[in-house]
Number of protein chains: 2
Amino acid sequence: MGKTLLYVDIYKSLKSDIECGTISVGNFLPSESELTQRFSCSRMTVRKAISLLANDGWVQSIRGRGVRVIWNARGSVKKENVFSVEGLPSFTESAHAIGAVPSAYVFLLDHVVCTTEIADMTGFPEGTDLTRVGLVRSLDGKRMAIDRHHFLTSEIPGIDRKVATSSLFHYIEVDLGIDIVVSEREITVEKPTVQDRKLLSLEGPIYLAVTHSRTYDSNGVEFEYVESKYLPQYFHFFDTATRNPLP
Amino acid sequence: MGKTLLYVDIYKSLKSDIECGTISVGNFLPSESELTQRFSCSRMTVRKAISLLANDGWVQSIRGRGVRVIWNARGSVKKENVFSVEGLPSFTESAHAIGAVPSAYVFLLDHVVCTTEIADMTGFPEGTDLTRVGLVRSLDGKRMAIDRHHFLTSEIPGIDRKVATSSLFHYIEVDLGIDIVVSEREITVEKPTVQDRKLLSLEGPIYLAVTHSRTYDSNGVEFEYVESKYLPQYFHFFDTATRNPLP
DNA sequence: CAGTGGTCTAGACCACAGC
DNA sequence: CTGTGGTCTAGACCACTGC
């Protein structure tokens, strides 16, 4: 399946060296010229691989010195019992990563026509048909999050209870053959609504971690808008930021 | 200061076209070959500029078709009265961006030697001298966040109450001439401690949005570890994620 | 089919760090 | 001074899109 992209090979090789400790934190990667020889490729290909590592927060390039491996938060938290919200893994993938058994309960599944109000919120064109899916996510039987999806029905047709309960990501990526390419996400902290309280059996005062995101396929079409609300103890988000690009 | 980097010029030019609506959401940028002619440069330089736009979440490349402008959350919230936690702006910069008057109260300023426990938390080497700074941040006189900094004293010496109260970022970047390059950040939602409650005058049950981050300079040295706790109504975080690089 | 972006090569000059 | 990464050129072939 996997076409062998040269820079992906190099990326994986270097990342593996870092994860295994062959190159430890604070030390430098082999120089670009050394890597071009080792992999028999051009310098640009090596640099592409290194830029992937840098974007992931594994390394930092220092002009005149080399490329240094830096501390990476993901490594140290990996095996703890927290549900990590990072990159674009599916709920099921994230659950398996921490050895928990995921399940889902469908509390909503219907169709609506996109109104002006919904269009403002979701970014979908007015008048289009949207599939709404409401899910309560559980880990090892304990309810921990609510997902409220809006799907563009023309792109993601045929969602039923069975699909919604198993894995929406799997259905979209494998069954429909759609590439999930990019997602914009906004994180806030809000009080639960009355419905939230019922769905998660919340009692007393509490706040939820809320994410709103829009997902695009490889054709640049937005096909999903989703609001997720997490119980605070299950919410963990990692980010790597850079301060520079535009002076 | 402003060396003219070609790809930064192209980046700014295209970004300006998008922000002004010259190229609106859903439409395509000029093709790479057209841009190479317009800017009299090689294709790689154009692609570098486009990759910056893509990393910022402005556009999405679609093979065989072009580069499409996509909806961008930052644009629609820009002028609202929310304090945006995004990229690596300083507190003062973010405050000015929404037209609010920032202020700070120093509740802690001392030195400690890095113990094993602190080293685990912050990532600093054991035995080094650390400068601790505790701040309560206010917007227009209303307390909204707590910052607890640990600075590597050897890299960031001379922090006093005056520096801490005005702008730490300005002191580090301008006065000390240190480039802030990259920062790793973790976001969670937690209950306030007793001290948090006193500092923010909190009453009743509430949760805070918490970020932990490590900041590195251009030499790859971690010089700052900071925990920030925000009142929920002031916390907004934006992120663009991609699902691909490593199959 | 022509046009697009994705990958890749083989060079070049520069700014900077360390000796 | 050498070696490093940062920028940039001028090509090439490929996979994919739309006509």
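Chain A is the first sequence line, chain B the second, and so forth, proteins listed ahead of strands; every chain is numbered from 1.
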(message) If you compare every side-chain N and O of S61(A) against the phosphate oxygens of dT4(D) (OP1, OP2), does one of them come in below 4.0 Å?
(response) no

(request) Would you tell me if any nitrogen or oxygen in the side chain of S31(A) comes within less than 4.0 Å of OP1 or OP2 on dG3(D)? (result) no

(request) Provide, to the nearest angstrom, the distance between the CG atom belonging to L5(B) and the C1' atom belonging to dC14(C). (result) 12 Å

(message) How many whole angstroms separate atom CG of D9(B) from atom P of dT7(D)?
(response) 13 Å

(message) If we count only N and O atoms by modelled type, under 3.5 Å, do the side chains of T211(A) and S213(A) hold a donor and an acceptor together?
(response) no

(message) Check whether R68(A) reaches the backbone of G26(A) with its side chain - one donor and one acceptor, N or O, closer than 3.5 Å.
(response) yes

(message) In whole Å, I'd like the distance from the CG atom of L6(B) to the P atom of dG6(D).
(response) 17 Å

(request) Verify the contact: side-chain N or O of S42(A) to OP1 or OP2 of dG11(C), cut-off strictly under 4.0 Å; return yes or no. (result) no

(request) Mind calculating the distance between NZ (K48(A)) and P (dT9(C)) to the nearest angstrom? (result) 14 Å

(request) Starting at atom CZ of R68(A), determine the distance to atom C1' of dT4(D), rounded to an integer number of angstrom. (result) 14 Å

(message) For a quick test of reading the model: is some side-chain N or O of T45(B) closer than 4.0 Å to OP1 or OP2 of dT7(D)?
(response) no

(message) Please determine whether any donor N or O and acceptor N or O are separated by less than 3.5 Å between the side chain of R63(B) and the base of dG3(C).
(response) no

(message) From CE of M44(B) over to C1' of dG5(C), roughly how many Å is that when rounded to an integer?
(response) 16 Å

(message) Whole angstroms only, please: what is the CG-P distance between L35(B) and dT9(D)?
(response) 13 Å

(message) I need the I10(A) CD1 to R47(A) CZ distance, nearest 0.5 Å.
(response) 13.0 Å

(message) Less than 4.0 angstrom between a side-chain N/O of R43(B) and OP1 or OP2 of dG11(D), yes or no?
(response) no

(message) Heavy-atom nearest nucleotide on DNA chain C for S40(A) versus G64(A): which residue maps closer to 5'?
(response) S40(A)

(message) For dC8(D) and Y7(B) - does any side-chain N or O of the residue sit under 4.0 Å from the phosphate oxygens OP1/OP2?
(response) no

(request) Grab the CZ-C1' distance between R47(B) and dT4(C) for me, whole Å please. (result) 11 Å

(message) Show the nearest heavy-atom pair for residues V69(A) and S24(A), with the distance to one decimal.
(response) CB-O, 3.8 Å

(message) Given L35(B), which partner from the list L14(B), T45(B), V67(B) fulfils the side-chain contact (heavy atoms from CB on, under 4.5 Å) test?
(response) L14(B)

(message) For a quick test of reading the model: is some side-chain N or O of R65(A) closer than 4.0 Å to OP1 or OP2 of dC16(C)?
(response) no

(message) Categorize I62(B) for me: base, sugar-phosphate, or nothing, with a 4.0 angstrom heavy-atom threshold over every strand shown.
(response) sugar-phosphate

(request) Ignoring backbone atoms, establish whether S33(B) has a side-chain N or O less than 4.0 Å from OP1 or OP2 of dT4(C). (result) yes

